[in-house]
Amino acid sequence: MFDVHATEEEDKLVLLCALDRLGGCTEEQLLRFMVENALQNQFQFYLALGGLKEAGLVRESRHLEGMLLILTPEGRQSMEMFASRIRASLQEKLEENGAVWRRRIRDELQMPADWKETDGGFIVTLRALESGAEFFSMTLTAATKTQAKRFCARWPQRASYLYQTIMEQLGEAQAEDADTQE
């Protein structure tokens with residue numbers, strides 16, 4: 001459960017430290033990190049984030065998947081100067097979970113997946129991005145909402161394997177075609 005709430009200033013510091021550990025992330029990703037790791041509740045999160053944006057300590061940056069939250073140099077400086085004021089229990093949660101979530105967020109941003117319901121089922125779009133550009137996209141039809149969600153959830157961990165397998169299979173087919181034409 002959540003620790004006893006101390007101050008709005010501590011909430012802002014925790015948010016700055018979380019952004020530092022996670023790197024650029026969407027507001028939704030940061031909120032999920034904060035709530036799922038019992039660092040803040042939704043109300044604390046939005047109050048702290050609004051204050052940080054207003055003070056110029058956090059800014060938004062465009063990304064193919066939406067707006068990313070980024071620490072400004074002033075935000076980084078504030079975090080470095082005052083991070084020691086964060087309770088040990090919260091610092092421990094940031095340390096324990098930051099690296100895993102950083103990889104998770106990076107995967108979500110580099111390998112986005114989404115689904116939508118249509119008349120014929122559920123359309124799932126799986127993509128891979130590199131250096132801000134899309135280099136692979138695949139659209140599938142799922143029979144159920146559960147299956148569509150499962151495809152999206154598994155995509156970031158399996159994208160490189162699936163991409164490699166598809167390229168190998170298509171490449172082998174092309175090599176066989178070239179052999180028969182020679």
Side-chain angles (χ1 to χ4, degrees), residues 1-115 124 126-132 146 148-163:
M1 205 65 211
F2 293 100
D3 287 334
V4 174
H5 181 244
T7 65
E8 191 175 326
E9 288 73 27
E10 185 182 44
D11 289 343
K12 290 176 183 177
L13 285 171
V14 169
L15 212 48
L16 290 173
C17 287
L19 266 175
D20 179 57
R21 283 169 179 73
L22 301 178
C25 59
T26 66
E27 192 172 298
E28 179 203 352
Q29 289 168 326
L30 182 58
L31 175 62
R32 280 192 345 246
F33 173 76
M34 300 303 284
V35 171
E36 288 180 26
N37 291 294
L39 291 161
Q40 291 178 350
N41 64 39
Q42 202 169 2
F43 183 72
Q44 291 170 285
F45 172 81
Y46 283 112
L47 279 176
L49 183 59
L52 292 172
K53 285 179 178 179
E54 189 175 305
L57 302 177
V58 172
R59 69 176 176 83
E60 293 182 322
S61 176
R62 286 203 183 281
H63 183 272
L64 285 176
E65 290 306 299
M67 299 300 281
L68 298 184
L69 297 172
I70 309 282
L71 278 180
T72 63
E74 296 82 8
R76 183 168 306 288
Q77 182 180 16
S78 294
M79 180 210 52
E80 290 169 354
M81 287 175 48
F82 300 112
S84 62
R85 295 184 180 180
I86 299 173
R87 285 173 283 154
S89 61
L90 296 177
Q91 288 180 4
E92 189 176 303
K93 289 177 184 180
L94 287 165
E95 284 299 317
E96 285 176 4
N97 302 303
V100 170
W101 274 78
R102 183 180 188 101
R103 282 188 300 277
R104 178 177 166 181
I105 287 169
R106 184 198 65 220
D107 288 349
E108 288 176 5
L109 292 173
Q110 290 179 343
M111 288 158 276
D114 57 9
W115 61 271
V124 180
L126 309 172
R127 302 178 323 151
L129 311 174
E130 189 171 304
S131 302
T146 301
K149 287 180 177 181
R150 187 171 44 246
F151 287 173
C152 291
R154 290 180 177 173
W155 173 244
Q157 296 83 23
R158 298 190 175 145
S160 60
Y161 169 77
L162 293 169
Y163 174 76

Asks: Does a side-chain heavy-atom distance below 4.5 Å link Leu69 with Leu49?
Replies: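 Touching, per the 4.5 Å side-chain cut-off.
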Asks: Given side chains that start at C-beta, do those of Leu31 and Gln42 come closer than 4.5 Å, heavy atoms only?
Replies: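 A side-chain contact exists here, since the closest heavy-atom pair is under 4.5 Å.
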Asks: Should the heavy atoms of other residues, nucleotides or ligands under 6.0 Å from CD of Glu96 be counted, would the total exceed 12?
Replies: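 Count over threshold, so yes.
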Asks: Return the minimal non-hydrogen interatomic distance between Gln40 and Ala48, and the atom names on each side.
Replies: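 Nearest heavy atoms, Gln40 then Ala48: NE2-CB, 4.4 Å.
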Asks: Taking side-chain contact (heavy atoms from CB on, under 4.5 Å) as the test, write out the residues that go with Ser61, two or more places apart.
Replies: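 Testing Ser61 for side-chain contact (heavy atoms from CB on, under 4.5 Å), a comparison that skips the adjacent residues, returns Arg59, Ile70.
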Asks: Where is the tightest heavy-atom contact between Ala113 and Trp155, given as atom of each residue plus distance?
Replies: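 Heavy atoms of Ala113 and Trp155 come nearest at CB-CD1, 3.9 Å.
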Asks: If you compare all heavy atoms of Cys25 against all heavy atoms of Ile105, which two are closest, and at what distance to 0.1 Å?
Replies: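 Answer, listing the atom of Cys25 first, then Ile105: CB-CG2, 3.7 Å.
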Asks: Could you pull out all residues at least two apart from Tyr46 that satisfy ring-ring contact (aromatic ring centres under 6.0 Å, His included)?
Replies: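 For Tyr46 there are no ring-ring contact (aromatic ring centres under 6.0 Å, His included) partners, ignoring immediate neighbours.
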Asks: Locate the shortest heavy-atom distance separating Gly23 from Arg102; write the atom from each residue and the value.
Replies: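 Heavy atoms of Gly23 and Arg102 come nearest at N-NH1, 3.4 Å.
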Asks: Can you tell me how far CD of Glu80 sits from CG of Leu16, rounded to the nearest 0.5 angstrom?
Replies: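 If I round to the nearest 0.5 Å, the distance is 10.5 Å.
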Asks: Locate the shortest heavy-atom distance separating Ala18 from Leu30; write the atom from each residue and the value.
Replies: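 What the structure gives for the nearest pair is CB-CD1, 4.0 Å.
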Asks: State which residues pass side-chain hydrogen bond (donor to acceptor under 3.5 Å, both in side chains) with Thr72; sequence neighbours excluded, sorted by chain then number.
Replies: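 Expected list: Glu74.
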Asks: Between Gln110 and Glu130, is there a side-chain donor-acceptor contact under 3.5 Å, judged purely by atom types and distance?
Replies: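 There is no such pair (donor and acceptor under 3.5 Å, judged by atom type) between the side chains of Glu130 and Gln110.
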Asks: For Lys53, which residues count as a side-chain hydrogen bond (donor to acceptor under 3.5 Å, both in side chains) partner, sequence neighbours excluded?
Replies: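 Glu27, Glu60.
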Asks: Got a sec, which pairs hit ring pair (Phe, Tyr, Trp, His ring centres under 6.0 Å) with one end in residues 70-112, sequence neighbours left out?
Replies: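 Every ring pair (Phe, Tyr, Trp, His ring centres under 6.0 Å) pair that includes a residue of residues 70-112, provided the two are not neighbours, is Phe33-Trp101.
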Asks: Let me confirm one number: the CG-CZ distance from Asp11 to Phe43, rounded to the nearest 0.5 Å.
Replies: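 The CG atom of Asp11 sits 10.0 Å away from the CZ atom of Phe43.
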Asks: To the nearest 0.5 Å, what is the distance between NZ (Lys12) and SG (Cys17)?
Replies: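 Answer rounded to 0.5 Å: 14.5 Å.
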Asks: For Glu36, what residues pass the salt bridge (Lys or Arg N to Asp or Glu O under 4.0 Å) criterion, not counting sequence neighbours?
Replies: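 If we apply the salt bridge (Lys or Arg N to Asp or Glu O under 4.0 Å) test to Glu36, skipping adjacent residues, the hits are Arg104.
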Asks: Quick one: pull up CZ in Arg85 and OG1 in Thr7 and give me the separation to the nearest 0.5 Å.
Replies: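 Spacing of CZ (Arg85) from OG1 (Thr7) equals 9.5 Å.
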Asks: Mind listing the closest non-hydrogen atom pair of Ser78 and Leu57 along with its distance?
Replies: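 The answer is OG-CD2, 3.9 Å.
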Asks: Which residues pass the salt bridge (Lys or Arg N to Asp or Glu O under 4.0 Å) test with Asp20, sequence neighbours left out?
Replies: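 By the salt bridge (Lys or Arg N to Asp or Glu O under 4.0 Å) rule, Asp20 matches Arg76.
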Asks: Can you name the side-chain contact (heavy atoms from CB on, under 4.5 Å) partners of Tyr161, sequence neighbours left out?
Replies: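 Residues passing side-chain contact (heavy atoms from CB on, under 4.5 Å) with Tyr161: Thr165.
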Asks: Rounded to the nearest 0.5 Å, what's the gap from CG on Leu47 to CG on Leu15? Could you check?
Replies: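 Interatomic distance, Leu47 CG to Leu15 CG, rounded to 0.5 Å: 11.0 Å.
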Asks: Who pairs with Glu95 by salt bridge (Lys or Arg N to Asp or Glu O under 4.0 Å), at least two apart in sequence or on another chain?
Replies: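 Only Arg21 meet the salt bridge (Lys or Arg N to Asp or Glu O under 4.0 Å) criterion with Glu95.
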Asks: With distance as the sole test, does Asn37 use its side chain to make a donor-acceptor pair with the main-chain N or O of Leu39 at under 3.5 Å?
Replies: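 It does not hold such a pair.
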Asks: So do the side chains of Val14 and Met34 get within less than 4.5 Å of each other, counting heavy atoms only?
Replies: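 Yes, at least one pair of side-chain atoms sits under 4.5 Å.
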Asks: My understanding is that only residues two or more places apart in sequence, or in another chain, count here; which of them pass side-chain contact (heavy atoms from CB on, under 4.5 Å) with Glu28?
Replies: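 Glu28 satisfies side-chain contact (heavy atoms from CB on, under 4.5 Å) with Thr26, Arg32 once adjacent residues are dropped.
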Asks: side-chain hydrogen bond (donor to acceptor under 3.5 Å, both in side chains) with Gln91: which residues, sequence neighbours excluded?
Replies: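 Per chain and number, Gln91 pairs via side-chain hydrogen bond (donor to acceptor under 3.5 Å, both in side chains) with no residue.
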Asks: Please name all residues satisfying side-chain contact (heavy atoms from CB on, under 4.5 Å) with Ala148, sequence neighbours left out, ordered by chain then number.
Replies: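 Ala148 satisfies side-chain contact (heavy atoms from CB on, under 4.5 Å) with Trp115, Phe122, Val124, Ala142 only.
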Asks: What's the spacing between Gln44 CD and Glu10 CD if we round to 0.5 Å?
Replies: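 Here the rounded value is 9.0 Å.
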